[in-house]
Every structure is written in C-alpha cells, then in structure tokens.
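Written below as structure tokens is the structure these notes are about.
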Amino acid sequence: MAIAASFYFDNSVRDFMAQHQSRAMRSFMRYVSLFGDWPSHTALGLILLAIAWISGSKTWTRIFLSMLIAMSIAGVAGHVIKRTIPRPRPSVHSELRWGGPRFSSKYHAFPSGHVGASSAFFSALFFARRRVGLACLPVPMLIGFSRMYIGAHYLSDVVCAAVLGLLCAAVVSHLLLNQPQTSNIEHRTSPWRRG
C-alpha cells in the first residue's frame, strides 16, 4: 500500500518540493546527499567493524559485518534495477516518465541508491539491536527527504529503495545474526548439591 501510495503522490510531492525551495535549505540538503551516499556508510561501517574486532566483541563484529553486507547487496540490486528500468529524474525535462538512456545518470532515478544503501545499513542494525537501530532510522529518512528536495528522486523512488534496503537487511540478518539457541549447561545445578 505504501508503494502504491508513493506512486500516486509522486507529482504532488515533486511540486511541493519545487514550491518550497530556499538557498540555505538546498545547500544543507546537498551536503546531506553528499555525505549520505554509500562511501560514507562504508567508511563508518569499516571503522566500527575494526573497533569491534580489535575489542574482541564477536557479537558487534557480526552486526557491523551484516550492516556492510546488507548495504552492498542493496547497492548492487539497486544498480541493476536502474540499468534495467531507466527513469528520468524529476529535475530532467523529459516527456518520458519511464525509459531513456540506460547508461545516463540523469535516467537513474529508480530506485534511490542513497536511500537503499542507508536503509539496508541501518535496518540491519535495527534487526540486531532495536533501540540503537531505531535511534538511527531518522538518518535514511533525512537522506530520502534530501534526495527529493534537490530534485534527484520522486517519492516512489525513495519508498521503493527503502523497501529494497529493508528486505536486504532482513535476509542478511536472518542468515548471519539468528543463531540457534543452545541450552546453557554451565548453569545447571548439580544433583549432588542441595540448598
């Protein structure tokens, strides 16, 4: 329903963003988009992974590794979709709503690579540690808003990318983070001890 609604409101959101532009806000949103791309997420993930590994925390090492893997899968999937289903960006003046040059970045609107990568990255964290992940979820939301504000994506590009990232994170988390629970025999009470 969210995906269907996003396509329905594409033009309305695009027009709203175009009518509420300011130089300061646009400059800020450009910086959000710049630092919200996958290289920044990769650098952050690698730094956190190194810290966890040096600290000897196997749990956080697996979590940060799953975040990087989920982001990578979402990035590759999104790139394939962009090349397969070209879509002009809102800032491109074209009569085409879908289709166009497959290798031109001006026609790589669907889905948003920024949002897909960030959503996968932080969704994997959410599946592992709900409170920490929930606190970080505004990051991909802000990135998605910035991409629409500067005319790089439609609402549906952002929503579909978020869903893609969420699905990639769910699969990776299920494979890497869900471990079978084993009985803790170390804490069993000996039948020879009473009291």
Side-chain angles (χ1 to χ4, degrees), residues 2 6 9-52 63-64 66-83 86-94 100-101 103-126 129 131-166 168-169:
S6 67
F9 289 107
D10 268 347
N11 292 333
S12 299
V13 174
R14 178 199 59 190
D15 295 341
F16 177 84
M17 295 292 181
Q19 295 169 5
H20 294 81
Q21 294 281 317
S22 70
R23 180 175 299 178
M25 189 68 169
R26 189 173 181 83
S27 178
F28 172 71
M29 288 302 168
R30 284 189 178 277
Y31 278 108
V32 172
S33 289
L34 177 64
F35 293 104
D37 205 356
W38 66 267
S40 300
H41 287 72
T42 302
L44 175 61
L46 290 175
I47 291 173
L48 294 174
L49 179 63
I51 294 174
I63 291 173
F64 295 138
S66 69
M67 292 165 64
L68 288 168
I69 293 175
M71 181 191 66
S72 300
I73 295 175
V76 172
H79 189 71
V80 171
I81 297 173
K82 286 176 183 287
R83 294 293 180 90
R87 186 186 196 186
R89 299 183 185 276
S91 57
V92 176
H93 298 287
S94 173
F103 298 98
S104 173
S105 61
K106 294 182 179 180
Y107 292 82
H108 288 173
F110 182 83
S112 170
H114 288 66
V115 177
S118 187
S119 297
F121 189 80
F122 289 108
S123 293
L125 177 60
F126 173 78
R129 292 291 184 270
R131 292 182 180 180
V132 180
L134 188 62
C136 295
L137 286 182
V139 175
M141 294 180 182
L142 178 61
I143 293 172
F145 183 84
S146 73
R147 300 300 289 167
M148 291 187 293
Y149 192 86
I150 65 176
H153 292 288
Y154 290 97
L155 175 63
S156 56
D157 301 331
V158 171
V159 173
C160 291
V163 173
L164 175 64
L166 183 65
C168 292

Exercise. What is the distance from atom OG of Ser156 to atom CZ of Phe110, rounded to the nearest 0.5 Å?
Worked result: 6.5 Å
Seminar exercise, completed: Closest heavy-atom pair, Ala109 versus Ala152, reported as atoms and distance to 0.1 Å, is CB-O, 4.2 Å
Exercise. Are the side chains of Tyr149 and Gln21 in touch, meaning some heavy atoms are under 4.5 Å apart?
Worked result: yes
For this session: First locate atom CG of Leu142, then atom CZ of Arg147, and finally report the distance between them rounded to the nearest 0.5 Å.
Result: 12.0 Å
Exercise. Taking the side chain from Ser112 and the backbone from Ala161, do they hold a donor-acceptor pair closer than 3.5 Å?
Worked result: no
Problem set entry | Heavy-atom closest contact (Gly45 atom, Phe64 atom, distance) | O-CB, 4.4 Å
Exercise. Would you find a donor on one side and an acceptor on the other, under 3.5 Å apart, between the side chain of Ser33 and the backbone of Met29?
Worked result: yes
Exercise. Is there a side-chain contact between Tyr154 and Val13, using heavy atoms and a 4.5 Å cut-off?
Worked result: no
For this session: Output yes when a side-chain donor or acceptor of Ser123 lies under 3.5 Å from a complementary backbone atom of Leu166, and no otherwise.
Result: no
Exercise. With distance as the sole test, does Asp10 use its side chain to make a donor-acceptor pair with the main-chain N or O of Leu155 at under 3.5 Å?
Worked result: yes
Seminar exercise, completed: Rounded to the nearest 0.5 angstrom, the NE2-OG distance for His41 and Ser119 is 8.5 Å
Exercise. Hey, does the side chain of Ser66 reach the backbone of Ile63 with a donor-acceptor pair shorter than 3.5 angstrom?
Worked result: yes
Problem set entry | Close side-chain approach of Val132 to Phe126, heavy-atom, < 4.5 Å | no
Problem set entry | Over all atoms of both residues, closest heavy-atom pair of Trp38 and Ala117 | CB-CB, 4.1 Å
Problem set entry | Leu68 backbone acceptor or donor facing Ser72 side chain under 3.5 Å | yes
Exercise. Should His108 and Arg89 be marked as a side-chain contact (heavy atoms from CB on, under 4.5 Å) after you check the CA-CA gap, both sets of side-chain angles, and the distance that decides it?
Worked result: CA-CA 7 Å; His108 288 173; Arg89 299 183 185 276; 3.9 Å; yes
Exercise. Do Ser118 and Val139 come close enough that some side-chain heavy atom pair is under 4.5 Å?
Worked result: yes
Exercise. Between CZ of Phe35 and CD1 of Ile143, what distance do you get to the nearest 0.5 Å?
Worked result: 12.0 Å
